[in-house]
Amino acid sequence: MTTINLPLDGKIVPYTLTGTPIALARRDAKAFPRIAFAAAHVVADPLADNDPWLTPAIDWERTLAFRHRLWDLGLGVAEAMDTAQRGMGLGWPEARDLIRRALSEAAGRKDALIACGAGTDHLTPGPDVTIDTILRAYEEQIETVEAAGGRIILMASRALAAAAKGPDEYVNVYDRILRQVREPVIIHWLGEMFDPALEGYWGNSDHIQAMSTCLEVIEAHADKVDGIKISLLSKEKEVAMRRRLPKGVRMYTGDDFNYAELIAGDEEGNSDALLGIFDAIAPAASAALEALGRKSNHEFFDLLEPTVPLSRHIFKAPTRFYKTGVVFLAYLNGLQDHFVMVGGQQSTRSLTHLAELFRLADKARVLADPELAASRMRQVLAVHGVN
């Protein structure tokens, strides 16, 4: 067994790895009883001569290879979302390029499920940004995705959150947009714990009242809404909204704290998935969904439940820094050769946080090669002066 010295409670203590890695197996999404998207991260280019805080540099080969890995596992790709640091280091020009490249890769496969984020992140919120400006911004990004043959994930808008004077303006904006889209979209309601600039979305800081406004929009355009992804980290709110959705409209869980039980569901329904954590635990998610398809609920929970403590740690407050943990796991698992992120966001979590992530990943059996993971963890420790 491999042993490594890790920081814990202000001390350096030995930790012995015990997890048996979950086997990597190619799967077909048709074997899954739920639709499951992984919101995929981007791989930064560590050799680019750029200003990391200002100018994103992307390793396109590794970024696109990661998407093929998700498709090979039967998972869909939710492209250019917040996991890809969209609006949090990755600007619209880079996101637009990412969307076009990913859709081109998907077109070369018969089994590639993909949907792409369209929002207004090329606008800087301010007093000069009007509702009409926001509508034009949404239309520009939607046109880009649709012109490339993509499905839309309609992202929440920081500019709308800043400009809207109440629920009616949200209803009017979404009404205008949903009348125009070619295919049914997935609406994404991202909570303020993920992005503080979205507090009070749908015109109300009370999530239950905001939910009523969102449902009003969905009910008026049920033929143009495939589903709603809510990221509020509250299973109670998700289930409450799920039970109020019009027939045929899906709930895509974005709850990185409670996804296992929400996907499994209850006697009144279940959630599909659109999750950032599925980027990090893709083999476990794939195997668990295949087990659920065989009606082996015990196996489903045996595979997925151990990943929940890991996910809760990665997504702990400040939740918006979860991308660091996702990319760190990709580095540990040999999916990229470095721990460098767009915007230098590898610095947003402490060494102690990363050490606990390592322990939880081992317990969740999502370290693909424990020896490699330990070797890479030691390199990170050494950079921080810990031997």
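Because only heavy atoms are used, hydrogens play no part in the values below, and waters and symmetry mates are left out as well, while side chains stay in.
Within the 3.5 Å criterion, the main-chain N or O of F257 finds a donor-acceptor partner in the side chain of R312. Side chain of E169 to main chain of K165: a donor-acceptor pair is present (N/O by atom type, distance under 3.5 Å, no hydrogens or angles). In this structure, the side chain of T307 engages the main chain of L304 through a donor-acceptor pair within 3.5 Å. A donor-acceptor pair under 3.5 Å is formed between the side chain of E146 and the backbone N or O of R182. With R34 contributing its side chain and A264 its backbone, the two residues share a donor-acceptor pair below 3.5 Å. Remark: side-chain polar atoms of Y259 are not paired, donor with acceptor, to backbone N or O of L274 under 3.5 angstrom. Not a single donor-acceptor pair under 3.5 Å links the side chain of Q345 to the backbone N or O of T324. Of the possible donor and acceptor atoms, one in the side chain of D266 sits under 3.5 Å from a partner among the backbone N and O of G269. No donor-acceptor pair under 3.5 Å is formed between the side chain of H68 and the backbone N or O of E105. Side-chain atoms of D256 never come within 3.5 Å of backbone atoms of L275 as a donor-acceptor pair (strictly under, hydrogens ignored).
When the salt bridge (Lys or Arg N to Asp or Glu O under 4.0 Å) test is applied to R349, no partner is found at least two apart in sequence or on another chain. The side chain to side chain donor-acceptor pair (under 3.5 Å) check on E371 picks up T2, with sequence neighbours excluded. Under the side-chain contact (heavy atoms from CB on, under 4.5 Å) criterion, D111 pairs with R26, R109, not counting sequence neighbours. Residues passing the side-chain contact (heavy atoms from CB on, under 4.5 Å) test with A222, sequence neighbours excluded: P246, V249. For P7, the side-chain contact (heavy atoms from CB on, under 4.5 Å) test picks out I12, L351, T352, A355, L381, with sequence neighbours left out. Listed by chain and number, the residues in a side-chain contact (heavy atoms from CB on, under 4.5 Å) with A95 are A80, R86, L90, W92 (sequence neighbours excluded). When the salt bridge (Lys or Arg N to Asp or Glu O under 4.0 Å) test is applied to R67, the partners found at least two apart in sequence or on another chain are E79. Partners of K237 by salt bridge (Lys or Arg N to Asp or Glu O under 4.0 Å), not counting sequence neighbours: none found. E192 meets the salt bridge (Lys or Arg N to Asp or Glu O under 4.0 Å) test with no other residue; sequence neighbours excluded.
Criterion: ILVMFWY side-chain heavy atoms under 4.5 Å apart, direct or through other members. Under it, L215 and V239 are not part of a common hydrophobic cluster. Hydrophobic clustering (side-chain heavy atoms under 4.5 Å, transitive across Ile, Leu, Val, Met, Phe, Trp, Tyr) groups I230 together with Y322. Transitive grouping of hydrophobic side chains (ILVMFWY, heavy atoms separated by less than 4.5 Å) brings L292 and L70 into a common cluster.
Partner of F339 under the side chain to side chain contact (heavy atoms under 4.5 Å, CB included) criterion, chosen from V327, V383, L332: V327.
Residue R244 comes nearest to M211 through the heavy atom pair NH1-SD, 4.2 Å, listed as atom of the first residue, atom of the second, then distance. In plain terms, the two heavy atoms of A361 and L310 that are nearest each other are N-CD1, 3.9 Å. Across Y174 and L160, no two heavy atoms sit closer than the pair CE1-CD2, 4.0 Å. Nearest heavy atoms, A137 versus L123: CB-CD1, 3.6 Å.
For S157 and T120, the side-chain atoms include at least one donor-acceptor pair closer than 3.5 Å.
Between K235 and E238 there is no salt bridge, since none of the side-chain N atoms of the basic residue sits less than 4.0 Å from a carboxylate O of the acidic one. Using a 4.0 Å cut-off between charged side-chain N and carboxylate O, D132 and R136 make no salt bridge.
Within the 4.5 Å cutoff, the side chain of T213 has no heavy atoms near those of the N204 side chain. Between M241 and I218 there is a side-chain heavy-atom pair separated by less than 4.5 Å.
Sorted by first and then second residue, the side-chain hydrogen bond (donor to acceptor under 3.5 Å, both in side chains) pairs involving residues 95-104 (not counting sequence neighbours) are D97-R101. Listed by first then second residue, pairs satisfying side-chain hydrogen bond (donor to acceptor under 3.5 Å, both in side chains) with a partner in residues 43-63 read R62-D337, not counting sequence neighbours. For residues 197-209, the set of pairs meeting the salt bridge (Lys or Arg N to Asp or Glu O under 4.0 Å) definition, not counting sequence neighbours, is empty.
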